[in-house]
Amino acid sequence: MRILLAASEVTPFAKTGGLADVAGSLPAALARLGHRPCVFTPYYSRLMRGGARVKETARLIVPTADGGKEAHVLEGSLPGTDVPVYFVARREFFGRDGVYGSGSYSYADNLERYAFFCRAVCVAARELELDPDVFHINDWQTALISAHLRHLYAGDRHLSGAAVVFTVHNLGYQGIFPPWRMPATGLPPERFNWQELEFYGQLNLLKGGLVYSDAINTVSKRYAREIQTLEGGYGLDGVLRGRSERLFGIVNGLDYSVWDPAVDHLLPARYGPGRRAGKARCSRELRERMGLDPGRRPLLGMVSRLAEQKGLDILIGAIPAIMEMPVQLAVLGSGEDHFERALVYLADRYPGRLSVRLGHDEELAHLVEAGSSIYLMPSRYEPCGLNQLISLRYGTIPVVRETGGLADTITDGANGFTFTDYSPDGLVGAVRRAVSAMGRRKSWGRMVDGAMREDWSWDRSAGEYVRLYELARAERGLPPSGRARRGRGRGAKTARTKTGRSPRARKAGAAARPRKKK
Ligand code: ADP
Ligand code: GLC
């Protein structure tokens, strides 16, 4: 099956959270299953990490409200694979110091930026003749692709053979803009109505993804249920209930080539189940790096966006009581100013026991996961959560609030400790149980080894995505992708190159870039 996955951040090129991890690893898992994925993402020219080696593949004119703007399409690949990554480049929109904004504020033109990206994906898919069987779009930034396909490219022979699957990674971010900015979407004004893009008088891009896609999923089964309730639905629960037959939950997988202490070269030492000496070394190094007192006190860790979702208010409320226990706490995070300030203030109060590092630091994130014994994730809500899965692999027992994906992956007393009440007391109680369990060395060792042996790789869930893609095709009245491909002729199939493009498409790509780069 040819799968075009579009996401606003992709590891290792640009990342603010788990969406990037998913977009950078699910396609590789799909390729291992024999499918032909490709990835589209913006080219954040000032942020590109992971040594993106790219070549220009096409120049396109992307229709916009003011007539049209040029996009360069650069082609690279996901590291260690031959999965093509097409970067949409336009400095005006993506050559900035942040992905969505900086600190606590979002860029004022995020609507124009991502509308441009969505339209560019459609134009590029067509001009490069990628002929996807499925568009897999993710979160509000790519939701407009479903609207464009439905309303602007309905009869297009390169695009109309595709179904659309929309994954909601986080319903808390919907891409809401004032109604007068509707023209920036490129859609006709009548699409602004209560059944489509209108939401309490505003323009809501995520809602478009929910109504126009052929199938929808979120990143855990529990979260798929929660968002259909008044409490968890952020105003969209009615829309979601209306589509409940096409709404699924698929828990995220982890990329164990990046997140596995047995092979993790960002760590000072490696380890695994039954051989944990390396973990003790990571703890020593973490204490040193973060200015914590040396010793063997239980070390609690947390790596997080500092956003309300992550339970920072109850963590901050719980810290004085946690500091009464014989423990230390290492926090790495960045985000909302008031949380940053409160954490720094508390770190000053408990020198040597509580350390806070602000900013995004990939290497330190690995060290916190490896060097801590207990991981804290007191989220208010959590669609899936990757950090508790990473923690399991690193033998760092998670203490989590029982919500969303945390509830689906962590079982109290088996591979972690859970609490339900969203309060500092709830968190403190669970931390106390974890710390006292750590004192029972033999059973703790068994729990840690058991956690490290659990399998949360994509092997568990990539197949579920394939079934979802087929279901979306059926929903759209399209034949199963295998048959569709045969229908297009064996020749077309075998003539495709490793990058999934036919020689003809290559020529089209070439024809689309008549001008030399200046
Ligand atoms: P979310 O996507 O809601 O932020 P997830 O648990 O799904 O939460 O994924 C978070 C990802 O982002 C993890 O890979 C985590 O290690 C990473 N991360 C979060 N904050 C930081 C940070 N300050 N520095 C480095 N990595 C971070
Ligand atoms: C979101 C969610 C997180 C999830 C990630 C990847 O950012 O907050 O729970 O793991 O997306 O799906």
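For the numbers below, each heavy atom of this structure counts, side chains included, while hydrogens, waters and symmetry mates do not. Note that ligands are numbered from 1 as they come in the structure, with each ligand's atoms numbered from 1 the same way.
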Interfacing atoms of ligand 2 (cut-off 4.0 Å, heavy-atom, Glu382):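 Listed by number with element, the hits are 2 (C), 3 (C), 8 (O), 9 (O).
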Ligand-side contact atoms (ligand 2) for residue partner Gln309, heavy atom cut-off under 4.0 Å: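 Answer, ordered by atom number: 8 (O).
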Closest contact, heavy atoms only, Pro378 versus Arg401: C-CB, 4.0 Å
Salt bridge check, [Y] against [X]: does any charged N sit closer than 4.0 Å to a carboxylate O?
X	Y	value
Asp133	Arg36	no
Glu464	Lys221	yes
Arg96	Asp109	yes
Lys15	Glu362	yes

Atom 2 (C) of ligand 2 [closest protein heavy-atom partner, distance rounded to 0.1 Å]: His169 O, 3.2 Å
Region of Asn170 engaging ligand 2 - heavy atom pairs below 4.0 Å: side chain
Ligand 2 versus Asn252: contacting region, heavy-atom distance under 4.0 Å: side chain
Proximity flag Gly405 to ligand 2, non-hydrogen atoms under 4.0 Å: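 Heavy atoms of Gly405 never come under 4.0 Å of ligand 2.
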Identity of the nearest option to atom 4 (C) of ligand 2, non-hydrogen atoms only, from Ala23, Gly385, Gly18: Gly385
Could you tabulate the donor-acceptor pairs under 3.5 Å formed by side-chain atoms of residues 330-346, not counting sequence neighbours?
residue : atom : partner : partner atom : Å
Glu336  : OE1  : His338  : NE2          : 2.9
Glu340  : OE2  : Gly335  : N            : 2.9

OH-CG distance between Tyr381 and Leu171, expressed to the nearest 0.5 angstrom: 7.5 Å
Between Gln388 and Thr409: side-chain donor-acceptor atoms closer than 3.5 Å: yes
Validation row: Ile397, Met438 side chains within 4.5 angstrom (heavy atoms):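 With C-beta onward as the side chain, the pair stays apart.
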Under 3.5 Å: N or O atoms of ligand 1 paired with protein N or O:
residue  : atom   : partner : partner atom : Å
ligand 1 : 2 (O)  : Gly18   : N            : 2.6
ligand 1 : 3 (O)  : Arg305  : NH2          : 2.7
ligand 1 : 3 (O)  : Lys310  : NZ           : 2.7
ligand 1 : 4 (O)  : Arg305  : NE           : 2.7
ligand 1 : 6 (O)  : Leu386  : N            : 2.8
ligand 1 : 6 (O)  : Asn387  : N            : 3.2
ligand 1 : 6 (O)  : Asn387  : OD1          : 3.4
ligand 1 : 7 (O)  : Leu386  : N            : 3.2
ligand 1 : 8 (O)  : Lys310  : NZ           : 3.0
ligand 1 : 9 (O)  : Gly18   : N            : 3.2
ligand 1 : 14 (O) : Lys15   : NZ           : 2.8
ligand 1 : 14 (O) : Asp21   : OD2          : 2.8
ligand 1 : 16 (O) : Asn387  : ND2          : 3.4
ligand 1 : 23 (N) : Gly359  : O            : 2.8
ligand 1 : 24 (N) : Asp361  : N            : 3.0

Val219 N/O to ligand 2 N/O under 3.5 Å: no
Salt bridge (Lys or Arg N to Asp or Glu O under 4.0 Å) between Asp237 and Arg241, worked out: CA-CA 6 Å; Asp237 47 299; Arg241 281 195 302 276; 3.0 Å; yes
